[in-house]
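What follows is a set of notes on a single structure, which appears directly below.
We count ligands from 1, going down the list as the structure has it; atoms in each ligand are counted the same way.
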Amino acid sequence: MRHLLSTRELSREQAIELLDIAEDMAAVQEREVKKLPTLRGKTVVNLFFEDSTRTRISFEAAAKRLSADVINFSAKGSSVSKGESLKDTAQTLQAMGADGVVIRHHASGAPYTLATSGWIDAGVVNAGDGTHEHPTQALLDAFTMRRRLHGAASRGRALDGVHVVIVGDVLHSRVARSNVWLLATLGAEVELVAPPTLVPVDTTTWPARVGYDLDAALSGTPDVVMMLRIQAERMHAAFFPNSREYARTWGLDDARFDALPPSTMVMHPGPMNRGLEIAARAADSPQSTVREQVANGVSVRMAALYLLMSGERGDA
Ligand code: CP
């Protein structure tokens, strides 16, 4: 694997391989010494043009646990504020010897541009680009589902027949897009539920059903309910009347949570707007995988960096 830019381009075999390597990495996390020498002598640059807590920290932890040197770059406080372009920023980092670049950018397609422009030689990992994709989030979500469903027998398995309901701000969500493609590739049945104003104009090519009634979707007893964050920072219009109305109609509130079977997994990529898309009782319940998702993110990102940066990289 040369770059990891989207889940749409991953084959079922590639996705399962990555999840299986993440299982090996998770086993390393349970040891007293959590480090592997795999990327000793390599340099990973974390290039963040947008805010992040989970993704930035877990890529840093993943690279360090593989013994890579890590350079953290945040656009805030850098020469980007003086007008420096993505190309010049990337080439500056290349001159410092980057072997892998992890990029989060507000522009959809920025990681693709970096990977295909010839500006840099490094492998590129998309850590979230605009409203396009967030592939490692979807991979850690799939990893979390697989582990909860199959436990120690997860290795080599997909998610065939698993019913996943993804709820909320689909329009602005790169997490939803990456999950739709990956979950479908892994054989899951994906249902999107959102206010009509927060569904993209054309989803006819997406391998997912689209609905507008959360209670109807939950009555189908899904295996997984994934709540999406309301992305107020990307909203430049009124997409719903007010927060109380959104929570009442589209939120996983106490009543909806209490009606779910105890086996239903409750997922959220974080950061959560508690009381808006998800109530505290649901977020903090044993059914919630929120903290597991964060922990699994390190293992999945170790697997991604390992595949991109260890040994000879192929052309795929
Ligand atoms: N889930 C996610 O991408 O979180 P951060 O924005 O904190 O990285």
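- Ring planes of His172 and Phe239: perpendicular class, angle over 60° (limits at 30 and 60°).
- Considering both main-chain and side-chain atoms, Gln137 comes within under 3.5 Å of ligand 1 through a nitrogen or oxygen pair.
- Using a non-hydrogen distance threshold of 4.0 Å, His134 registers as a contact of ligand 1.
- Both tests hold for Arg301 against Phe59: distance to the six-membered ring centre under 6.0 Å, angle to the ring axis within 45°.
- Atom 6 (O) of ligand 1 has its closest protein heavy atom at Arg104 NH1, 2.9 Å.
- Looking at Asp254 and Arg281, a side-chain N of the basic residue comes within less than 4.0 Å of a carboxylate O on the acidic one, giving a salt bridge.
- Near Thr53, the atoms of ligand 1 lying under 4.0 angstrom from a non-hydrogen atom of the residue are 5 (P), 7 (O), 8 (O).
- Heavy-atom distances between Gly270 and ligand 1 reach below 4.0 Å in at least one pair.
- Under the 4.0 angstrom criterion for non-hydrogen atoms, Gln293 is not in contact with ligand 1.
- Remark: minimum distance from atom 4 (O) of ligand 1 to any protein heavy atom is reached at Arg54 NE, 3.1 Å.
- Using a 4.0 Å cut-off to heavy atoms of Thr55, the atoms of ligand 1 that qualify are 2 (C), 3 (O), 4 (O), 5 (P), 8 (O).
- Polar contact with ligand 1: absent for Pro271 (N/O pair, distance under 3.5 Å).
- Exactly one residue among Thr289, Leu192, Val190, Asp141 makes a side chain to side chain contact (heavy atoms under 4.5 Å, CB included) with Met226. That residue is Asp141.
- A donor-acceptor pair shorter than 3.5 Å can be found between the side chains of Asn72 and Glu60.
- Thr7 and Glu133 share a donor-acceptor pair across their side chains, judged by distance under 3.5 Å alone.
- Under the 30°/60° scheme for interplanar angles, the aromatic rings of Phe49 and His106 are found to stand perpendicular.
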